[in-house]
Amino acid sequence: MGEMAKNIPNRTRRPYVLASVMLAMFIGAIEATIVATAMPAIIGDLGGFAHYSWVFSAFLLMNTVTVLIYGKLSDLYGRKPILTIGVSIFLIGSFLCGVSGSMKQLIIFRLIQGLGAGAVMPIATTIVGDIYTAEERAQVQGYLSSVWGISAIMGPAVGGLLVEYLSWRWVFWVSIPLGALSIIGIWLFLHETIEKKKPDIDYAGAGLLTVAISFFMIILVEGGVRFSWSSPQVIALAVIAAAAFLMFILQEKRAAEPMVPLEIWKIRPILVANLVSFTTGLMLIGISSFLPAYVQGVMEKSATIAGFTLTAMSIGWPLASTAAGKLIIKIGYRSTSFIGGIFLVVGGGLFVTIVPSAGPMGAAFSSFCVGVGMGLTSTSFIVLIQGAVGWKQRGITTAANMFMRNLGNTVGAALLGGILNGQILRYFAEHGGKTGQNLTLDSTNMLLTEEHRAELGESLKHLLQEGLSHSLHSVYIAVLVFGIISFFLVLLLPKKSKAVA
């Protein structure tokens, strides 16, 4: 408490800071769902279904790498200036995404968006860890996750409405006024006293990590699609990725201020929390990225209905987060996370068994269960890791956890996108001859808007829908596997972890 008071003076007005932080979190919340809801419309307008997963992967790549840099900078310079820089870059990227004229432009602008987004979630979460005492943190982090989830409910709904009645471009522009309000609130109401010192930033570590993740992601997206798994290109990419990762580990061991302090990985609860954040990140992106394509392309529902199925996850998340704040105090981190792990497995299992006849309600219930699992586990982990370190390490420790979830998202978008594309191509190769047409990945574009579906012959439409449904089934088998892995990892948490540190 004394360390917290030293860095966050009494002039800080906590309720207003919390409200400003929630606005920043809202940007992150709608990013996960509003863009996915709009993707079928974006593909229908710009084309390029083969680049579908790159729209998510480009954003996530920059987000994943920069989150650690922002976390370290916030420990050196304070939360306020670094969060402002990150949100500003994010808003510039959002504006540019909205004026994209091609899929390639959109992917480039998503890189800029991701460059700024790396600051939003970890620093906003760290600010709450700073201004509330250890005893208050469990409850407040539950509220914070709750508000994040409640605001995410608006993402799919608003996204669907914007796509139907205005344009998909507005899904990017809607975050600009909210981000500006957040910056104003942080500057007016958060007051920090930072002991300034010469920064010693691990740029070499950040660069090596960028190379390793980027090359690994290219392998996952293009392996089995553009390049065969045994091709010289894939082997070369794998060697470079592995070498960069090994050099990154060596760099972290000798760096004065490592990008990822290796000692935090020796603390068992933090290690488990970070690993589960990785596997749940894989699950989250698999659902939020590809469920709208299933609801619109196979179930033939509108963008608004597709958004509703994701909204259900965002209802389960805040409800569970609010409950988690109380459960952590009563039964401990491990038991709370254990219950969350069960819901993750149940939700993943429901997605594997989903069929078009289940309708949007079946998809929504599956999403709800996963949301409950996410809410229980993520809230437990944030409180756990923030209680394990002091102010000077809280930024980087929180960022490391966010990094693992983002890494899960990044790997998941690439891996699951690669599975989807590979399965679609395989299905078309086996069954496409019946139509007399040369079907490609971009043939799937036709399913994602009502006007294009109406132009398809019944047999061709059925073939395309069967191909998409079959391929997404493979994606959801992978989602279930990650849910099961998450559950068993939770069991590795220490049994005595009831007290809030």
Side-chain angles (χ1 to χ4, degrees), residues 23-24 26-63 86-117 120 151-183 285 288-293 295-297 301-311 314 413 442 444-453:
L23 275 177
F26 178 82
I27 295 173
I30 61 172
E31 181 57 43
T33 52
I34 198 170
V35 176
T37 305
M39 274 307 294
I42 294 172
I43 294 291
D45 186 12
L46 302 180
F49 186 86
H51 300 300
Y52 191 113
S53 62
W54 274 111
V55 174
F56 298 97
S57 296
F59 175 88
L60 292 166
L61 171 64
M62 294 308 297
N63 193 339
V87 172
S88 300
I89 295 171
F90 176 86
L91 297 183
I92 292 168
S94 297
F95 172 77
L96 292 172
C97 285
V99 299
S100 300
S102 68
M103 187 61 75
K104 288 182 179 178
Q105 281 185 9
L106 179 60
I107 291 169
I108 291 169
F109 296 147
R110 289 279 282 171
L111 285 168
I112 296 172
Q113 217 186 6
L115 180 64
V120 176
S151 62
I153 291 171
M154 297 174 64
V158 172
L161 291 171
L162 289 174
V163 167
E164 283 196 40
Y165 298 108
L166 288 173
S167 163
W168 60 263
R169 300 180 188 278
W170 283 93
V171 305
F172 296 105
W173 294 337
V174 75
S175 63
I176 294 174
L178 300 172
L181 278 174
S182 174
I183 291 172
I285 201 69
S288 61
S289 298
F290 302 114
L291 185 58
V295 175
Q296 290 179 254
K301 303 299 181 183
S302 68
T304 304
I305 297 296
F308 160 75
T309 61
L310 287 181
T311 299
S314 304
D442 285 336
T444 315
N445 295 348
M446 302 290 287
L447 288 177
L448 301 183
T449 58
E450 190 175 350
E451 307 82 67
H452 289 150
R453 275 199 306 269

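All values derive from a computational prediction rather than experimental measurement.
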Residues which pass side-chain contact (heavy atoms from CB on, under 4.5 Å) with [X], listed by chain and number, not counting sequence neighbours:
X: Leu166; result: Leu162, Trp170
X: Phe95; result: Val99, Trp173, Ile176
X: Leu115; result: Met62, Thr66, Ile89

Residue pairs passing the salt bridge (charged side-chain N to carboxylate O under 4.0 Å, His left out) test where at least one lies in [range], sequence neighbours excluded:
range: residues 88-100; result: none
range: residues 173-182; result: none
range: residues 94-115; result: Glu31-Arg110

Hey, are the side chains of [X] and [Y] touching, using non-hydrogen atoms and a 4.5 Å cut-off?
X: Leu106; Y: Phe172; value: yes
X: Ile42; Y: Met103; value: yes
X: Ser175; Y: Phe90; value: yes

Specify the closest pair of heavy atoms between [X] and [Y], including all atoms of both residues, with the distance to one decimal.
X: Leu23; Y: Ser182; answer: CB-CB, 3.9 Å
X: Val163; Y: Ala41; answer: CG1-CB, 3.4 Å
X: Val174; Y: Val171; answer: CG1-O, 3.6 Å
X: Cys97; Y: Trp168; answer: O-CZ3, 3.9 Å

Leu96 CG to Leu111 CG distance, which is reported to the nearest 0.5 Å: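 Result: 12.0 Å between the selected atoms.
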